[in-house]
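Have a look at the structure below before the remarks.
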Amino acid sequence: MALFRKANEKIPRRAILGVMMFLACMFSYMIRTNLSITIVAMVNTTSKDGGTGPACTATTVGNSSHKTTELINYGERYEWNQHIQALLLSGYFYGVLPASIPAGVLAEKYGGTKVVAFATLIPAVLNLLMPWASGIHYGLVFALRFMMGFFGGAVYPALHAMIARWVPPSEKGMFVWTMQGGPFGTVVTFALCGQIISAFGWKVAYYVTSGLILIFYALWVYLIYDTPDLHPGITENEKNYIKEQIGTTVSKQKVKLPVKAVITSVPFLVLLWAHFANMWGIYFIATNGPKYTLEVLGFNMKSGGPITGLPYIARLFAGVLFAAAGDYVRRKNYLSLVWIRKIFMIFSHMGPAIALIVMTYAGCDAVTAIVMLVLALAFNGAACQTSLQNHQDLAPNFAGSLYGIMNTFGSFPGFIIPPIIGALTNERNGIEEWRAMFWISAAVFTSATILFWLFGSAEIQPWNDSSKYAESTMADEEKELAELPIKVSPTEENEESERL
């Protein structure tokens, strides 16, 4: 124990925070995406030609024009059509919508640690009820997914609020990279659930994922504190280093978000769309990737889960390289910060756009399709230097609130995409029906890149310090009033003359 204690004292507290942030994001995505793979084992599948089984591997039965394959028994299957499946897959994101902004504000006011703890515990408990709810009515499943999103959607805004108070600017790229724990959680979820479903059925997948999340919750409560000043185990050297590097960009006082300034800020509005595009790509692949690989390309449950997770492994490791490269360029001052953001947008947004276009014409060539899917998310790993960090540049005082707004706006793809795919594939679930969705996704990525290059910024905005911003605004108004010409009526002019 003594050796462990000494070794533990040598580990920087912000390094432990980074590891736990990674895990928090990983388990947040585990709750978010487990239904994406379990639902394939829970429902009957409709192929392109109206039969059952994957479009690319189904075989003709007798003289029938329909194609069918025998569905493996992973437990009870429900007659939920594509519209119902789309509703259930989007339920989580409907819950995120009203929760993200309050989560950021609460994290800034009361501390991100508590917010993350509740955002982890409650969804894990609700997830245990999914098998029961599925057997009663899909409406209950939707209600549970909504509540999971409502509480679970608080994780990311709270973590961004903590980064602003724990992480020096030169290390933010790597800490924002810890958010890749989310997509990595998709890898773990797809692979783990695929194996569990194949061996024990889909119900067990819910119990295992909840158990792992509850273990993490206990570790988070024990290890993590809101600020360096509150941490009992931090060294004075590390505490002083963090304070010195962060400087005065983050106020120690509880500051109120200048809402009008935020919603009229062009750099922030452009960032909102860039984040929307980033989340569109992630949700498109995370929520519907298993459906495409299993229902269209024809992978089986055992291999399909890990294969669908490959793009997220690529994103994880590519994200490390992009984060390290961006931080290095920033430390060496090779490029201004705004140019770092703009150049990395080519990778994070245009790279996926091109890869998705190529993928849509790969047809049933599963190897090419998966390679393009991997490249799409590998390039998107650069988002840790673009849309996932730019709000820290604009207003570190309001990092939690800004990311709450971004997360709210970024959650829209989560419930926009599934209904579109449901409408496209309800009658015919083939490659041609999915192609339109790939083109739409590429267009969203491209538009975000163009707008950010034209109007994006990396300068700290005047409204980051709300008190100074208010003073400067009042001063400008007073100056404008002073410069206004004063009109004097003839009567007043005569009275003044008489007094003189």
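None of these values were measured; they are calculated from a predicted model. We count residues from 1, following the sequence as given.
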Exercise. Going by heavy atoms in the side chains, are Leu356 and Phe445 under 4.5 Å from each other?
Worked result: yes
Problem set entry | Criterion side-chain contact (heavy atoms from CB on, under 4.5 Å) on Lys114 and Asp226, from CA distance to verdict | CA-CA 8 Å; Lys114 300 179 186 68; Asp226 284 316; 3.7 Å; yes
Problem set entry | Trp280 side chain near Ile417 side chain, heavy-atom distance below 4.5 Å | yes
Problem set entry | Under 3.5 Å: donor-acceptor pair, side chain of Arg330, backbone of Leu335 | no
Problem set entry | Audit row: Phe379, Phe322, ring pair (Phe, Tyr, Trp, His ring centres under 6.0 Å) steps and yes/no | CA-CA 9 Å; Phe379 283 123; Phe322 285 122; 7.4 Å; no
Problem set entry | Exercise: identify the closest heavy-atom pair between Ser100 and Gly153 | OG-O, 3.9 Å
Exercise. Are Tyr206 and Leu128 side-chain neighbours, meaning at least one heavy-atom pair lies under 4.5 Å?
Worked result: no
For this session: With sequence neighbours excluded, tell me which residues meet side-chain hydrogen bond (donor to acceptor under 3.5 Å, both in side chains) with Tyr361.
Result: Trp439
Exercise. Any side-chain heavy-atom pair from Pro228 and Glu238 closer than 4.5 angstrom?
Worked result: no
Problem set entry | Check against side-chain contact (heavy atoms from CB on, under 4.5 Å), Leu377 and Asn380 | CA-CA 5 Å; Leu377 281 193; Asn380 188 242; 4.2 Å; yes
Problem set entry | Non-hydrogen atoms of Tyr156 and Cys25 that approach each other most closely | OH-CB, 3.3 Å
Exercise. Short question: side chain of Ser28, backbone of Ala24 - any donor-acceptor pair under 3.5 Å?
Worked result: no
Problem set entry | Heavy-atom closest contact (Ala395 atom, Leu402 atom, distance) | CB-CD1, 3.8 Å
For this session: State, to 0.1 Å, how close Arg315 and Ala383 come at their nearest heavy-atom pair, and which atoms those are.
Result: NH2-CB, 4.1 Å
Exercise. Within 45 degrees of the axis of the six-membered ring of Tyr328 and under 6.0 Å from its centre: does Arg331 put its NZ or CZ there?
Worked result: no
Problem set entry | Reported CG-to-CD1 distance for the pair Leu159 and Ile224, which is rounded to 0.5 angstrom | 10.0 Å
For this session: Heavy atoms only: give me the nearest Ser387-His349 pair and the separation to one decimal.
Result: OG-CE1, 3.9 Å
For this session: Flag the pair Met130 / Val141 as yes when at least one side-chain heavy-atom distance between them is below 4.5 Å, and no otherwise.
Result: yes
Problem set entry | Backbone of Trp80 reached by a side-chain donor or acceptor of Gln85 within 3.5 Å | yes
Exercise. Around atom OH of Tyr138, are there more than 12 heavy atoms of other residues, nucleotides or ligands at under 6.0 Å?
Worked result: no
For this session: May I ask you to check whether Asn34 and Thr189 show a side-chain donor-acceptor distance below 3.5 Å?
Result: no
Exercise. Do Tyr217 and Trp220 make the cut of ring centroids closer than 6.0 angstrom?
Worked result: no
For this session: Say whether Gln385 and Ser348, considering side chains only, have a donor N or O and an acceptor N or O under 3.5 Å apart.
Result: no
Exercise. What's the spacing between Arg145 CZ and Leu87 CG if we round to 0.5 Å?
Worked result: 11.5 Å
Exercise. Do the side chain of Thr446 and the main chain of Ala443 share a donor and acceptor less than 3.5 angstrom apart?
Worked result: no
For this session: Check whether any side-chain N or O of Trp202 sits under 3.5 Å from a backbone N or O of Glu76 as a donor-acceptor pair, and report yes or no.
Result: yes
Exercise. So which of Phe412, Phe409, Phe150, Phe146 actually passes side-chain contact (heavy atoms from CB on, under 4.5 Å) with Leu97?
Worked result: Phe412
Exercise. Yes or no on side-chain contact (heavy atoms from CB on, under 4.5 Å) for Tyr92 and Ser411, after CA distance, side-chain angles and deciding distance?
Worked result: CA-CA 9 Å; Tyr92 182 96; Ser411 69; over 6 Å; no
For this session: Given side-chain contact (heavy atoms from CB on, under 4.5 Å), test Phe452 with Thr386 step by step and report yes or no.
Result: CA-CA 10 Å; Phe452 193 87; Thr386 59; 5.9 Å; no
Problem set entry | Geometric class of the Phe284/Phe438 ring pair [parallel <30°, tilted 30-60°, perpendicular >60°] | perpendicular
Problem set entry | Heavy-atom side-chain proximity of Met20 to Phe216 below 4.5 angstrom | yes
Problem set entry | Distance (rounded to the nearest 0.5 Å) between Ile440 CD1 and Ile421 CD1 | 9.0 Å
Exercise. Does Arg32 reach the side chain of Phe93, with side-chain heavy atoms less than 4.5 Å apart?
Worked result: yes
For this session: Search all heavy atoms of Asn390 against all heavy atoms of Ala458 and return the closest pair with its distance.
Result: ND2-CA, 4.1 Å
Problem set entry | Gap between atom NE2 of His391 and atom NE2 of His275 - 0.5 Å precision | 8.5 Å
Exercise. Is the backbone N or O of Val96 less than 3.5 Å from a side-chain atom of Asn407, with the two atoms forming a donor-acceptor pair by type?
Worked result: no
For this session: May I ask you to test the Ile31-Thr209 pair for a side-chain heavy-atom distance under 4.5 Å?
Result: no
Problem set entry | Aromatic centroids of Phe184 and Tyr29 separated by under 6.0 Å | no
Exercise. Counting distance only, does the side-chain N/O of Ser210 pair as donor-acceptor with the main-chain N or O of Tyr207 below 3.5 Å?
Worked result: no
